[in-house]
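Working notes, beginning with the structure itself.
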Amino acid sequence: TDCATTKNMFRIIQSIPSPKVEPFKQWLAQVGYERVQEIQNPELAQKRMKEIYKAKGYSDDWIEKRVRGIAIRDELTDEWKNRSVGTEKEYAILTAEISKATFGMTPSEYKKFKGLKQENLRDHMNDLELIFTMLGEASTTKIVRKKDAQGLVENQNAAKEGGFVAGVARKELESRIGEKVVSEENYLHFSEKKKKQLRRN
């Protein structure tokens with residue numbers, strides 16, 4: 001694993017002639033078959049995603065917010081793509097602007113705050129963190145369209161404005177409930193719990 005990517009590891013496993021590897025090859029074939037089905041019917045992919053989150057221990061309410069957040073994110077990146085912003089690096093710059101204005105932290109700073117490394121940050125947000133993330137990105141989409149932002153600089157300004165809208169809302173809520181929305185809480189305990197269950201079985 002120190003010398004090969006996940007893709008190359010799969011190719012190596014496929015090339016091993018030993019019968020002991022056959023169950024793994026069958027699993028790879030099943031995954032490939034399911035992927036083809038999902039391409040033909042995208043609803044299957046969403047259903048599978050929900051099942052995976054549920055198996056990890058997430059609540060139905062959290063899963064619905066996470067799925068909705070993905071749709072809002074996709075709508076925003078589609079807008080960026082149509083406005084001469086198309087590289088992953090540019091997406092990261094714009095996302096950082098929204099996050100910084102919404103939560104006072106870039107995604108990398110946020111991950112460090114939550115004690116995360118390679119994990120997906122949004123998979124470790126609580127309900128309110130997801131909601132304000134959605135608000136920041138949905139607001140940015142509206143502003144981008146309203147201003148007909150083109151290119152990185154104009155979209156960067158729109159991202160700051162969209163994040164500012166969510167940041168103001170977050171601070172207003174915090175002042176009324178007397179506690180911070182941003183939390184150090186993460187859901188790493190879900191994976192640990194799953195590992196323990198597998199060991200018991």
Side-chain angles (χ1 to χ4, degrees), residues 38 42-80 88 91-146 155-156 158-198:
E38 289 166 6
E43 287 184 10
L44 292 175
Q46 190 175 98
K47 182 181 178 182
R48 182 174 64 87
M49 179 179 63
K50 288 181 178 181
E51 289 172 352
I52 290 170
Y53 279 126
K54 198 168 183 68
K56 287 183 176 181
Y58 291 94
S59 70
D60 289 337
D61 287 344
W62 185 95
I63 293 170
E64 289 304 319
K65 291 183 183 69
R66 183 72 177 92
V67 170
R68 181 62 186 144
I70 291 170
I72 288 172
R73 172 70 181 179
D74 286 345
E75 187 178 4
L76 175 57
T77 55
D78 284 345
E79 282 295 329
W80 285 341
E88 289 299 320
Y91 286 176
I93 291 169
L94 297 176
T95 301
E97 293 290 1
I98 299 171
S99 179
K100 193 158 49 176
T102 301
F103 299 109
M105 290 184 283
T106 64
S108 58
E109 291 169 340
Y110 211 151
K111 287 181 72 170
K112 187 176 180 181
F113 178 73
K114 283 183 173 286
L116 305 174
K117 294 179 181 177
Q118 299 300 320
E119 297 84 4
N120 185 304
L121 173 61
R122 299 184 195 213
D123 284 353
H124 295 273
M125 288 183 167
N126 61 35
D127 286 21
L128 282 176
E129 289 172 308
L130 285 176
I131 288 168
F132 284 109
T133 297
M134 285 189 275
L135 178 58
E137 294 190 335
S139 299
T140 299
T141 300
K142 291 289 186 184
I143 293 168
V144 163
R145 289 172 179 164
K146 186 69 176 177
N155 277 282
Q156 201 166 355
K160 290 177 183 177
E161 291 184 38
F164 178 76
V165 171
V168 169
R170 173 185 60 81
K171 290 172 186 175
E172 178 64 21
L173 176 62
E174 289 175 340
S175 70
R176 292 179 181 275
I177 64 176
E179 61 184 64
K180 296 290 186 182
V181 166
V182 174
S183 169
E184 290 180 309
E185 177 187 21
N186 63 50
Y187 295 122
L188 292 175
H189 61 279
F190 283 168
S191 58
E192 288 302 317
K193 184 178 178 182
K194 194 70 179 174
K195 286 176 186 175
K196 288 177 183 177
Q197 287 175 342
L198 289 172

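Since the model is a prediction, treat every value here as computed from it, not as a measurement. Computation of the quantities below employed the complete heavy-atom set of this structure, encompassing side-chain atoms and omitting hydrogens, waters and symmetry-equivalent molecules.
One distance of note links CG of N155 with CD1 of I143; it measures 11.0 Å at 0.5 Å rounding. Here the CZ-CE distance, from R122 to M134, works out to 10.0 Å after rounding to the nearest 0.5 Å. The line from OG1 of T140 to CD of E137 is 7.0 Å long, rounded to the nearest 0.5 Å. One finds the CG atom of L173 at 4.0 Å from the CD1 atom of I177 (value rounded to the nearest 0.5 Å). One finds the NZ atom of K114 at 7.0 Å from the CE atom of M125 (value rounded to the nearest 0.5 Å). Atom-to-atom distance recorded for K112:NZ and L121:CG is 14.5 Å, nearest 0.5 angstrom.
Taking the ring pair (Phe, Tyr, Trp, His ring centres under 6.0 Å) definition, one finds that Y91 meets it with W80, sequence neighbours left out.
Closest non-hydrogen pair, M105 versus S99, comes out as O-OG, 2.6 Å. Taking each heavy atom of G104 and R170 in turn, the nearest pair found is N-NH2, 4.4 Å. The two atoms that bring E129 and V181 nearest to each other are CG-O, 3.7 Å, heavy atoms only. Looking at every heavy atom in both residues, N126 comes nearest to Y187 through CA-OH, 3.5 Å.
Two residues are said to be in side-chain contact when any heavy atoms from C-beta on lie closer than 4.5 Å; T106 and T95 fail this criterion. For the pair K146/T141, no side-chain contact is recorded, criterion being any heavy-atom separation below 4.5 Å from C-beta on. E119 is listed as a side-chain neighbour of H124, based on a closest heavy-atom distance under 4.5 Å. Counting heavy atoms from C-beta outward, K50 and E64 have side chains that approach closer than 4.5 Å. By the 4.5 Å heavy-atom criterion applied to side chains, E179 and E174 are not counted as neighbours.
No donor-acceptor pair closer than 3.5 Å links the side chain of S139 to the backbone N or O of G136.
At a threshold of 4.0 Å, the pair E79-R145 counts as salt-bridged, since one of the basic side-chain nitrogens sits closer than that to a carboxylate oxygen.
In the displayed structure, K142 atom NZ is contacted under 6.0 Å by at most 12 heavy atoms of other residues, nucleotides or ligands. The number of heavy-atom neighbours closer than 6.0 Å to CZ of R68, taken from other residues, nucleotides and ligands shown, is 12 or below.
Y53 and D123 form a side-chain donor-acceptor contact under 3.5 Å, judged by distance and modelled atom types alone.
Ring pair Y110/F103: centre-to-centre distance below 6.0 Å.
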Take R66 and N120, measure what side chain to side chain contact (heavy atoms under 4.5 Å, CB included) needs, and give me the verdict at the end. CA-CA 12 Å; R66 183 72 177 92; N120 185 304; 3.6 Å; yes
Determine, step by step, whether L128 and V182 satisfy the side chain to side chain contact (heavy atoms under 4.5 Å, CB included) criterion, reporting the C-alpha distance in whole Å, the side-chain angles of both residues, the deciding distance to 0.1 Å, and the verdict. CA-CA 8 Å; L128 282 176; V182 174; over 6 Å; no
The test is side chain to side chain contact (heavy atoms under 4.5 Å, CB included); show your working for L116 and L188 and say whether it passes. CA-CA 9 Å; L116 305 174; L188 292 175; 4.2 Å; yes
Evaluation steps, side chain to side chain contact (heavy atoms under 4.5 Å, CB included), between T102 and F164: CA-CA 6 Å; T102 301; F164 178 76; over 6 Å; no
